[in-house]
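In what follows, a structure is listed as structure tokens, so that the remarks can point back to it.
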Amino acid sequence: MTATAAAGKPPIVALEGVSKRFVKRLDVAMRVANMLGSHLREEVVRAVDTVDLAVDEGEVLGLVGESGCGKSTLGRIVAGVHAASGGRMLYRGQDVADLHGQQARDVQLKIQMIFQDPMSSLNPRLRVGDIIGEAPRVHGLVGRRALDGYVDEIMGHVGLDTTYKRRYPHQFSGGQRQRIAIARALAVKPEFLVCDEAVAALDVSIQAQVLNLFMRLREELGLTYLFISHDLGVVEHLSDRVMIMYLGRIVEQAPTEALFAAPNHPYTQALLAEIPRLVATRRTYTPVKGEIPTPLNPPPGCHFHPRCPHVLPRCRDEVPRLKAVAAGHWSACHLNDQA
Amino acid sequence: MTTVAEPHGATSAAAPDDAVTQPRVVTPFRRFAEDFAESRVALFGLMLLVGVIIVGVFAPWIAPQNPYDLTDFTERDARLPPGSERLFDAQIFAVSLPGLEAGVPVSIDAAQTVDPANPFVDHLVIDAVLVETADGNEIRLTVETEPPDALDGLDTIQVENLPRGVELTVGEKHAFRNLWTLTRDDLRSFAIALPPGYDRDVGFRLRLTTTATDPSFTYWLGTDAQGRDMLSAMMYGLRTSLGVGVMSGIFALVIGMSLGLTAAYFGGRVETLIMRIVDLQLSFPAILVALMLLAVLGRGVDKVILALIIVQWAYYARTTRSAALVERRKEYMEAAACLALSRWRIIFRHLLPNCLPPVIVVGTVQVAHAIALEATLSFLGIGLPLTKPSLGLLISNGFDYLLAGKYWISVYPGLALLVTIVAINLVGDQLRDVLNPRLQR
């Protein structure tokens, strides 16, 4: 049940029922303790819980959620850094689990990731030229002789001075570092970029530059983005379509304008109410009640029900399904059934 | 390694190129060197260490004596206190008296065979005549020296290498060796008694020794029980000690780092297996393990190095693993996985270089530890063989004479060991401070 039914062509990346569980296994001492009568259980975190999504070619899909909701884990599954513990991931209609060797490597290179902290995402002991040039050289995308010119070209693409090639990452500012990280990803000619809070660690002025760079690259290279952020303003500015995630599940997805104009899910409504506005009119500040529950022991039924202002009895034991509330607008809330 | 505070930052939001004005170029190494030089004590330690290493490495070229060359020292110089001058070598004159006929006097100009530069006696003129007596023949000799009063400066005069059965009529024979000691007057005129029927040629060596010393060679730190120059012996000993310490350190580092990286990168059962072995290893005192190993392996430089590697690798493995665990969770490792780089490349090109700083610190301290451990083993007599004297062995040799007041044989190698280890530790401590991100300003 993919939300966007692009006619004919399969989506560039699709997830079907993808889950990610992190299990803390019992060690020997705990097992012995269990034998002696205590009741220790394995701790299982469902970081991502049966998520379906589809991203069409050339699209920017925004993924929004509070910290700890599993959006970064989802991004890493898409980028191939983490393996999913359940479900399938399709790249242009092909299951990536079926690919091996050369093919698997090619698909891996087609999907690249930009990380949040540009300091820790760059190897501090490599020079910028090596950071950018390593993967294309190792994978034989460019010859040894052409490498220098290729790195220059990529650096020019992202607006980096090519004379900085022999410097180390720590000699750059945050914005420049993020440009280096982008250049590193672009160097293997990707089609899909996963941006995990890619501008969250930057100054506001630099954020704008990097966001504009993303948009320019999208036009120039025809890139597709999965843009993960907790910043609704950034997502609104950038995305064609937005997904809202809460405790490992997608609770709402819709085209950007539709979502910001008419949010359906109570969680989305609460999030949107909290966007800081420049117009400082007198308004009541009503935060979402309580903390995000621990994913170790999520509430049954709808995960949001302990904090939901419109909670119904059935929310406590029945998991709501994503249902269309308008064209391309999907929401997982029992309230929609009542209307 | 360190983040350089950038005073300028990005200039304006409007410019698409956030062309940062050039940050002050401070290479990581330069920053590191400046931080290191902040401590005077550490600089002093570094200078000491460099000095010690130079002395050790160039010992064969700068040592006044080669302690391995048995012809280079004599037992006469044994246990001389520091500052003593070397005694002149004995002068040896070979005298042969071929084909003597009774009653026909022969004059011989005896040549000096060893150490012709010895200035005391230029040469000897010996007159010999064979005289027949009732109980066998005698050769009567008179000896004159050139210069005439040269004998006055002599300490002992000895005759050695007389043929079997032939005896002197004067002087004292050594208790069991074929060695006769004469007085100066004896030498002027003495006789050799031949047994009846003796018909072979007679020859002997005259050994003249003097108490005068050679002002051109001073034992600045005294001599040991074999008459070796302590200074030279210590230089060579330092060379051996440093060599053993550094070699074992390098091998232990390579082995320990590889295992530590493997444990941190792969995790799971591999990690459990490796780290439990490390725990097991570290739960025994190093000296005990080394003692047991050497008891089995026997003596030898290679065996000592092997024992030290086995004792030390675990420290490197544990340090590397802890550093690698931190680095492994950083995003550049995920980025490398995202770029489909091979495991081998990720471990050795991305993970390993970033784990180096703490390992370098542990490495310096461990080398000092290895040197001390080797000295301990040698002192106990199970470390290096006698032919490869290390500082520990020198200390051990002098230990027997310590209570006899001959302190220098033990104390000076001990001081050299102390200086070496203190220098390494001073450098290591400052390295730890400089490379520790928590202490960075």
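Computed from a predicted model, the values in this text were never measured in an experiment.
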Sort out for me which of A/Asp117, A/Leu213, A/Val188 touches chain B most, counting heavy-atom pairs under 4.5 Å.
A/Asp117
Apply side-chain contact (heavy atoms from CB on, under 4.5 Å) to the pair B/Glu334 and A/Arg76, showing each step before the final yes or no.
CA-CA 9 Å; B/Glu334 292 182 339; A/Arg76 279 168 166 72; 2.7 Å; yes
What are the two closest heavy atoms between B/Ala340 and A/Gln108, and how far apart are they?
CB-CG, 3.8 Å
Taken in chain and number order and not counting sequence neighbours, the residues that satisfy side-chain contact (heavy atoms from CB on, under 4.5 Å) with B/Arg269 are none
Between the side chain of B/Glu331 and the main-chain N/O of A/Leu122, is any donor-acceptor distance below 3.5 Å?
no
Contact summary for B/Pro357 and A/Arg125, nearest pair of heavy atoms
CG-NH2, 3.4 Å
Of all heavy-atom pairs linking B/Cys338 and A/Leu109, the shortest is O-CD2, 4.4 Å
Mark yes when over 12 heavy atoms from residues, nucleotides or ligands other than B/Arg40 sit less than 6.0 Å from its CZ; otherwise mark no.
no
Steps toward side-chain contact (heavy atoms from CB on, under 4.5 Å) verdict (B/Arg345, A/Glu134)
CA-CA 10 Å; B/Arg345 182 170 271 275; A/Glu134 183 181 20; 2.8 Å; yes
Distance from B/Tyr332 atom OH to A/Met119 atom CE, nearest 0.5 Å?
10.5 Å
If we define contacts as heavy-atom pairs under 4.5 Å, which of B/Leu339, B/Leu341, B/Leu356 has the most with chain A?
B/Leu339
So with a 6.0 Å cut-off around CZ of B/Phe251, is the heavy-atom count from everything else above 12?
no
For the residue pair A/Ser121 and B/Ala335, what are the closest heavy atoms and their distance?
O-CB, 4.2 Å
Only heavy atoms, only distances under 4.5 angstrom. Which residues in residues 194-201 of chain A are near chain B?
none
Take a 6.0 Å sphere around CZ of A/Arg216 and say whether it holds more than 12 heavy atoms from other residues, nucleotides or ligands.
yes
Please check if the number of heavy atoms outside B/Phe284 that lie under 6.0 Å from its CZ is greater than 12.
no
Qualifying residue for side chain to side chain donor-acceptor pair (under 3.5 Å) with A/Asn123, from B/Lys330, B/Arg349, B/His350
B/His350
